[in-house]
Trainee: 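Right, I'll just put the structure down here and ask away after.
When a ligand or atom number is given, it counts from 1 through the structure's own listing order. Computed from a predicted model, the values in this text were never measured in an experiment.
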Amino acid sequence: MSLTILAIESSCDDTSAAVFQDGHILSNCTANQDVHEKYGGVVPEVASRAHQENIVPVVHEAIRQADIQTSDLDAIAFTRGPGLIGSLLVGVSFAKGLALSLDIPMIEVNHMQAHVLAHFAEAPKPKFPFLCLTVSGGHTQIVLVKDYLDMEVIGATIDDAAGEAFDKTGKLLGLPYPAGPVIDRLAKAGSARFSFPEPKIEALDFSFSGLKTSILYFLKKELKTNPNFIEENKHDIARSVQDRIVSILMNKLKMASEQTGIKEIAIAGGVSANSGLRKAVEETGRELGWNTYIPRFEYCTDNAAMIAVTGYYKYLKEEFTDQHVTAVARWSV
Ligand code: KG4
Ligand code: ZN
């Protein structure tokens with residue numbers, strides 16, 4: 001019997017819908033919200049309003065591209081949290097309404113669990129147990145993944161997320177939001193000749209706020225003697241910052257692999273689109289005999305395909321939710 005799931009993701013500033021059928025993603029459509037660029041970050045109320053505008057066209061497009069009818073749907077999976085509450089409410093309410101009108105079950109999905117399970121959208125798929133470094137604009141975690149729905153966070157940031165470190169540095173450099181992809185591009189033509197300190201944080205936890213402060217003081221000092229310092233050195237600054245963020249992430253990932261003895265290593269979340277991080281994971285993997293798993297770009301940043309895949313594994317376990325469900329801003333994996 002065929003199984004078809006529609007998935008909705010609206011946790012931050014991307015409105016996304018995907019259709020999953022019999023183990024395959026048939027469509028994965030995302031509307032990005034450029035409107036936040038001029039504010040230098042995501043403005044929650046603006047994000048909610050944009051979700052409300054985008055959600056119907058995005059779902060239509062996902063269904064059209066998948067070449068199915070809504071009557072083919074067996075379930076609706078949706079992001080319940082964590083995320084911006086006003087953004088989540090749009091997706092949760094939409095899922096409720098559609099599930100009610102089609103009289104099909106709903107499946108609530110944890111956004112962070114879904115970033116990890118994005119690895120099961122297509123081959124090659126990691127084998128259990130594996131470690132997943134989940135790095136996004138809101139989270140930085142090392143997750144020990146024992147099974148599809150059995151995960152444990154063994155390390156996390158104590159302050160900023162890795163994506164925030166990229167975005168806040170970008171702000172200091174006068175770059176548009178989100179700055180991660182821009183720094184990535186600039187860094188390609190730069191050399192890491194500026195040195196920023198690596199924080200000394202216990203165990204498998206991370207910290208990025210000190211890095212931001214040291215970059216701020218460094219820029220202030222240099223700008224005093226040369227007002228054009230940023231413009232003249234933007235490639236090298238970008239490369240130096242990126243290399244430091246990547247080395248902080250890699251050192252903890254290596255430590256986690258050593259401590260657990262696990263050599264199945266995956267990365268997920270928006271920052272896993274970073275070319276420096278992808279290269280470092282591949283190189284370290286070759287050195288240390290890891291099997292590494294790096295998703296395609298469209299499965300790194302926020303997307304509904306990962307919600308659909310997670311929804312599928314919950315469907316198999318009949319983990320359905322009812323119409324009383326509410327969105328949650330905080331929710332650990
Ligand atoms: O997972 P995601 O799309 O949304 C959240 O759940 O946060 O991650 C967005 C974050 C932003 O901070 C963005 O700057 C960062 O991912 N990002 C990157 C790159 N592409 C996106 N950071 C560094 N290099 C990139 N290529
Ligand atoms: Zn995310």
Trainee: Name the closest protein heavy atom to atom 15 (C) of ligand 1, giving the residue it belongs to and the distance to 0.1 Å.
Mentor: V271 CG2, 4.0 Å
Trainee: Within the 4.0 Å heavy-atom shell around S136, which atoms of ligand 1 are there?
Mentor: 1 (O), 5 (C), 6 (O), 7 (O), 8 (O)
Trainee: If I apply the N/O under 3.5 Å rule, does G269 come out as touching ligand 1?
Mentor: no
Trainee: Identify every side-chain donor-acceptor pair in residues 162-171 under 3.5 Å, counting partners at least two apart or on other chains, and give the distances.
Mentor:
| residue | atom | partner | partner atom | Å |
| --- | --- | --- | --- | --- |
| E164 | OE1 | A161 | N | 2.8 |
| D167 | OD1 | A179 | N | 3.1 |
| D167 | OD1 | G180 | N | 3.3 |
| K168 | NZ | D160 | OD1 | 3.2 |
| K168 | NZ | D160 | OD2 | 3.3 |
| T169 | OG1 | A165 | O | 2.6 |

Trainee: Numbering the atoms of ligand 1 from 1, which are under 4.0 Å from a heavy atom of G163?
Mentor: 12 (O)
Trainee: Strictly by ring pair (Phe, Tyr, Trp, His ring centres under 6.0 Å), give each pair with a member in residues 44-84 just once, sequence neighbours left out.
Mentor: none
Trainee: Got an N/O contact under 3.5 Å between D302 and ligand 1?
Mentor: yes
Trainee: If you have a sec, work out which protein heavy atom is nearest atom 22 (N) of ligand 1 and how many Å separate them, to one decimal?
Mentor: G180 CA, 3.4 Å
Trainee: What pairs of residues pass the ring pair (Phe, Tyr, Trp, His ring centres under 6.0 Å) test when at least one of them lies in residues 300-320, not counting sequence neighbours?
Mentor: F20-Y312, Y148-Y313, Y315-F320
Trainee: N274 versus ligand 1: do any nitrogen or oxygen atoms come within less than 3.5 Å of each other?
Mentor: yes
Trainee: Other residues, nucleotides and ligands only: do more than 12 of their heavy atoms fall within 6.0 Å of CD on E45?
Mentor: no
Trainee: Evaluate Y293 against Y299 for ring pair (Phe, Tyr, Trp, His ring centres under 6.0 Å), listing each step before the verdict.
Mentor: CA-CA 12 Å; Y293 301 89; Y299 297 139; over 10 Å; no
Trainee: Taking only heavy atoms of H111, which atoms of ligand 1 are found under 4.0 Å from at least one of them?
Mentor: 6 (O)
Trainee: Ignoring waters, how many protein N/O/S atoms are under 2.8 Å from the Zn ion (ligand 2)?
Mentor: 3
Trainee: Applying a heavy-atom cut-off of 4.0 Å, say which part of H115 lies close to ligand 1: side chain, backbone, both or neither.
Mentor: side chain
Trainee: Using a plain distance cutoff, I'd like to know if G137 has any nitrogen or oxygen under 3.5 Å from a nitrogen or oxygen of ligand 1.
Mentor: yes
Trainee: What protein heavy atom sits nearest atom 26 (N) of ligand 1, and how far away is it?
Mentor: D184 OD2, 2.9 Å
Trainee: Is there a path of hydrophobic side-chain contacts, each under 4.5 Å between heavy atoms of I, L, V, M, F, W or Y residues, that connects V145 with W331?
Mentor: no
Trainee: For D322, does the CG atom sit with more than 12 other heavy atoms under 6.0 Å from it, leaving out its own atoms?
Mentor: yes
Trainee: side-chain hydrogen bond (donor to acceptor under 3.5 Å, both in side chains) for N303 and S16? Distances and angles first, verdict last.
Mentor: CA-CA 6 Å; N303 68 89; S16 187; 5.9 Å; no
Trainee: Does ligand 1 come near enough to G270 that some N or O of the ligand is less than 3.5 Å from an N or O of the residue?
Mentor: yes
Trainee: Just let me know how D167 lines up against ligand 1, side chain, backbone, both or neither, with a heavy-atom cut-off below 4.0 Å.
Mentor: side chain
Trainee: Does Q65 CD have over 12 foreign heavy atoms under 6.0 Å away?
Mentor: yes
Trainee: Near K279 NZ, under 6.0 Å, is it more than 12 heavy atoms from other residues, nucleotides or ligands?
Mentor: no
Trainee: For ligand 1, which atoms, with element, lie under 4.0 Å from some heavy atom of G138?
Mentor: 7 (O)
Trainee: Any atoms of ligand 1 less than 4.0 Å from a non-hydrogen atom of A273? List them with their elements.
Mentor: 20 (N), 26 (N)
Trainee: Counting neighbours of NZ on K127 that are heavy atoms of other residues, nucleotides or ligands and sit closer than 6.0 Å, is the number greater than 12?
Mentor: yes
Trainee: Which ligand 1 atoms, with their elements, are less than 4.0 angstrom from a heavy-atom of T301?
Mentor: 3 (O)
Trainee: Answer yes if the side chains of S247 and R244 hold a donor-acceptor pair under 3.5 Å, and no otherwise.
Mentor: yes
Trainee: Under 30°, 30 to 60°, or over 60°: which ring-plane class applies to F208 and F206, parallel, tilted or perpendicular?
Mentor: parallel
Trainee: Might you work through the side-chain contact (heavy atoms from CB on, under 4.5 Å) test for D22 and L3, ending with a clear yes or no?
Mentor: CA-CA 6 Å; D22 303 330; L3 172 64; 4.0 Å; yes
